[in-house]
Structure formats: C-alpha cells, structure tokens
There are 2 protein chains.
Amino acid sequence: MRAEPGRSVTSKVLALLDAFSPATPALTLSELARRTGLPLSTVYRRAAELVAWGALERGDDGRYRIGLRLWEVGSLAPRGLGLRELALPVMEDLYEVTHENVQLAVRQDLELVFIERIAGRHAVPVLTRVGGRFALHATGVGLVLLAHAPAEVQEQVLAAPLERYTELTITDPGRLRRCLAEVRRVGYAVSDRQVTMDALSVAAPIRVPEGVVAAISLVVAHDRADPVALAPLVQAAGRVVSRALNSSHQG
Amino acid sequence: MRAEPGRSVTSKVLALLDAFSPATPALTLSELARRTGLPLSTVYRRAAELVAWGALERGDDGRYRIGLRLWEVGSLAPRGLGLRELALPVMEDLYEVTHENVQLAVRQDLELVFIERIAGRHAVPVLTRVGGRFALHATGVGLVLLAHAPAEVQEQVLAAPLERYTELTITDPGRLRRCLAEVRRVGYAVSDRQVTMDALSVAAPIRVPEGVVAAISLVVAHDRADPVALAPLVQAAGRVVSRALNSSHQG
DNA sequence: CTCAGCCTTTCACCCAGTGAAAGCTCCGGT
DNA sequence: ACCGGAGCTTTCACTGGGTGAAAGGCTGAG
C-alpha cells in the first residue's frame, strides 16, 4: 500500500518513548501500537531499532521497557543529575538536622519535575517519585518555581483551572496571584495541607544570575510543623546550592 | 541533490544522542555534525525536532544539551531508578554503619554502569559518576557482575585485552578466571588497589531467581580496610535488596 | 570594510519508510 | 488432534518525508 500522509519518523520514535509512564513501565507491542495510534508493523520496526541501540529493552515476557542506555544518556541532563550532584550533599545536611523529607524540583513548562528526594524513614510519607511531575500551584516547591517563573508562564497557569487536591488547595486565581507575590516578598513558600491533609511543606528558591532554576523543600507532618522556624533552614540550604551552582558554572 | 544511500532516520536521531558524553555535555550544531558525520542541515532538522519534544534543550549560548524530558523518560528504566528506589534505603543503612562510600551498579553488555553512589564525606574520594561506565575486570562490583554473567559474556571479556589501571590490576585472563571462580565460591569480591592505589572495594551480588542483576559495594581506603570484616555487611545489604527486588517483582 | 565561522532555509530528487495483508507461533478450548 | 484467536514477524509495491549541496543570514574579529 502507499504511505499515507504521515508524521515524521522522529515524532514516531518519540511517541514510542512517550507511551511509557510510571503507571505503565512495561508495554507489549500491541499496547504500544494502541497508545501511539501507529500501525503494528511500524511500531515493530521502530521498536526493534530502539532495542538495538539500547533505548528500549525487551524482557523475557516480550514486553518493552525503557532501556538502561536511555537512562545513561538522560543522566547527562544538566537540570537532572547535574543539579542533583550539586544539591545532594546539601540535602543530606538538611536531612541530618531535621530528619524530615527533603525534595528538589525544577519547572518544566507548566509543571514541576522532582529531581531528587530524601525520604525520611520516620517522616510523613510523600507520594512523589523522582522523575515524576506535579502541578505548580499546590506544593511548596511549585509555588516557589511559579512565583519566579516568567510572567507568561504565570499567566498560563492562572488562566487554566487550578486542580483541587484538598479543601485548602488554592484554586482561586486572584488568591494564587497574591500568594505568589507574598512568596517573592518573603523569599520562601509555605504549602499548608494544600496537597494532602497531613503534610506541610516549606520551600526556598535556588538561583543563578538569570533567575530561579530550582527549588528545595522540607515536607513535614502538618501538626508537627513550625513553618517560620523551618524557613531559615530551607532558605540557607537554597543559598548554599545556589552558590555551588554559580561557581560550577563559571569555573 | 539526490539522497545518498544513507542510514535510517532513527539511527541518525540516536547518533545525535550518542554524541553527548560526561566530558562533552554541551555541543554546538557544528560539533554535533562533526561527531555524527552527518551533514549540517540534517543535524539541524533532527535536532530541532528533538528540542521541540524536549529530548534536547538549547541554551542561551546556542549549544545543545540533553533535555529534562529525556531524563524523565530515562528515569523509568527498571534497572535505573527502579532498582535505585529499592536499594537506596539499604545503601543509607550501610553508610550509617560504615561512613564509607557505597556504590550500586549493573552490567550493560561488557561494561558496568553505576546506578547510585553515596559518597562518604570523609571517605576516600571515588572518581566514578552516577550514570557512568567502567570496565568489569577491576572494581569489586565489576568482578561480582562478571563472575555471575553468562558464560558468553565472560569469554568475551577474557578474550579482549584487560586494561591495566594499577600494578595490581588483574590483566592475565587465567588469573581473572580463577578470581571469578573464587568470587562465586565465597559469595563476594574484593578489589584491593586494582583501580587506584589508595582504594579497596568489597562487593556482593543482588539476586533475582534468574540470576545476579546488580552488585553493591563499599569503597574504603586500602590501609584502613579489613575486607573480611566488611564482607558480611555488604553481603547482608545485598541480600536485603535482593529480597526487596523479588517481593516487588511478584507483588 | 572584508572575511571567517556558524546557523538557517531552500529545492529538486529519491530511497527509507510505509501499512495492509499474509505468514508465523504459541496458547487454551473442544 | 484440530480449531480459533491473539500477538508477533515478514513481505511487497508504492510514495512522501528526508536528503544534502548550496545559497542566504547573522555576528564578531581584524
């Protein structure tokens, strides 16, 4: 048969990678075809090439999974492992002082991506996953990243419906706008039970000369927390990472 | 001009990703073209598509870098972050007991890839990088992974020249073969100054029913070390991770 | 000013990629 | 054993997405 007016080959390859998610890390050939909307034979050939390179791996069960080679390449992302390497020692210090959850995130488009997490054994359990995404308007890190994002990004987030996670989540654009102004003024953000009813987070920005590139936060049980006491700790950690970032950039 | 008999589009896309390495995490368009051997215009178009998707990012300096989107997808690799999530708590325990470097690695073809590392502040500095590769015949984790690799893999490694890192590196195939047998017999590996003259590592396997999928190790200063005393600790950690792996597989 | 280096766009050509369909393999049911 | 179904692999004639040389921009150095 003749080739229908189609998408570019590259977009098909990337669509295959897109099909994988934390909820579905292993897919059969037919599932891949269904998710991408591509013919089975096309998926078969593209997937075979990706397996040969190592971007995908094929298990004994015949399912495709993301391959280690892709993890290797992905680990070269400056905002991924690069940032993590600099921030991890600081995060460990923060953990030793508080024994609470410590998180590191960056903004990607209109969401945030968690880069690293130290999960305190005896701290409140967090549902986030390293490599996972989340909305910007609820978490502490999200509020910090949004407050220092370009005006255009802020407007886009404020224009869209703000998902409600708990009864305390800010869903009113006007209130969110005032909250962001306050975050910029005081230099840190507090998200009190705005994601789950048992947790509170305090977040501070990580800066380079061009602006805020990441945020670091403590997530604690809401009834055990004194945000005002924690804020200086988190801010100090943010400043230490900022300094490390700037010197690594220049040097 | 007419299209020359060329490589597949997918292979060109993957060649672009291959061009990036820890030593060269940021490349200009011309550098990419030089490294891949592809014409400038081809690289330009493929790179533009990758940027649009987020696999690459383009800095203010015009250079291309690995994008956060690729890091996100890569983080779904079961042998990458998946393994890491299970092993990290155990690695932290091992660190708390010893305050030495703790490493986690898997085998990829004829090399090993470091999945995670806890770098002890006051421990001997290690030169490895998370996401980095290394030969199988020198490090503790490498010896464990090689000792339990398929016979075919072992033969390929033994057939190739064994690179020498220090005067104690095993470069004789016969000696390496006997060393691997010993590793299998005792259930752990010791690499004494076989990578650098100041460090010694003790490594133990992480098993699933199908075989050994990863290795965990302690790296300590060689003059402060008692391998025989450390081995049970590392082996115990390996067993704990093995158990976690197996239960997560089934459940 | 010119030159050199690098990035971007154009354009006519054509081969890598396409997708329906046939073939294959492995199950589980009868 | 036989059949039917589900999923994977391969074939084949056709074609549009990809190609790369070359021209056009854009900087910054000399």
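The figures that follow rest on heavy atoms only: side chains count, while hydrogens, waters and symmetry mates do not. Lettering of chains follows the sequences in order, A, B, ..., and the numbering in each one begins at 1.
- A salt bridge links B:Arg69 with A:Asp18: the distance from a Lys NZ or Arg NE/NH1/NH2 to an Asp or Glu carboxylate oxygen falls below 4.0 Å.
- Side chains of B:Ser8 and A:Glu49: a donor on one and an acceptor on the other come within 3.5 Å.
- Following rounding to the nearest Å, A:Tyr44 (OH) and C:dT18 (P) show an atom-to-atom distance of 15 Å.
- Residue contacts for A:Ser8: at a heavy-atom cut-off of 4.0 Å it reaches the sugar-phosphate backbone alone, with no base atom in range.
- When the salt bridge (charged side-chain N to carboxylate O under 4.0 Å, His left out) test is applied to A:Glu116, the partners found at least two apart in sequence or on another chain are A:Arg84, B:Arg84.
- A close approach under 4.0 Å does occur between a side-chain nitrogen or oxygen of B:Lys12 and OP1 or OP2 of D:dT19.
- Nucleic acid contact class of B:Leu38 (heavy atoms, under 4.0 Å, all strands): none.
- With hydrogens and angles disregarded, no donor-acceptor distance shorter than 3.5 Å links the side chain of B:Glu57 to the backbone of B:Tyr64.
- Between the side chain of B:Ser242 and the backbone N or O of B:Gly238, at least one donor-acceptor pair lies under 3.5 Å.
- Geometric assessment of A:Arg79 against the ring of B:Trp71 yields a negative cation-pi assignment under the 6.0 Å and 45° thresholds.
- Going from atom CG of A:Leu29 over to atom C1' of D:dA6 covers 12 Å, rounded to whole Å.
- Computed from C1' positions of five pairs at each end, the angle between the two local axes of the helix from C:dC1-D:dG30 to C:dT30-D:dA1 equals 40°, rounded to 10 degrees.
- Here C:dT10 presents its P atom at 16 Å from CG of B:Leu40, a figure rounded to the nearest Å.
- Here the side chain of A:Asp109 pairs no donor or acceptor atom with the backbone of A:Glu111 at under 3.5 angstrom.
- Taking the side chain as every heavy atom from C-beta outward, B:Glu92 and B:Leu88 approach each other to under 4.5 Å.
- Taking B:Arg239 as the reference, nothing meets the salt bridge (charged side-chain N to carboxylate O under 4.0 Å, His left out) condition, with sequence neighbours excluded.
- For A:Leu32 and D:dG7, the CG to C1' distance is 13 Å, given to the nearest whole Å.
- Residue contacts shown for B:Ser30 are limited to sugar-phosphate atoms, with no base heavy atom under 4.0 Å away.
- Residue-to-nucleotide proximity on DNA chain D shows that, of B:Pro39 and A:Thr28, the 5′-proximal contact is made by A:Thr28.
- In this view, B:Arg207 satisfies the salt bridge (charged side-chain N to carboxylate O under 4.0 Å, His left out) rule with no residue, not counting sequence neighbours.
- A heavy atom lying under 4.0 Å from DNA chain D marks the following residues of residues 45-63 of chain B, by number: B:Arg45, B:Arg46.
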For nucleotides 23-30 of chain D, give me every protein contact, N/O to N/O, under 3.5 Å, one pair per line with atom names.
none

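- We find that CZ of B:Arg34 is positioned 10 Å from C1' of C:dG5, with the value rounded to whole Å.
- Looking at every heavy atom in both residues, B:Ile115 comes nearest to B:Val130 through O-CG1, 3.3 Å.
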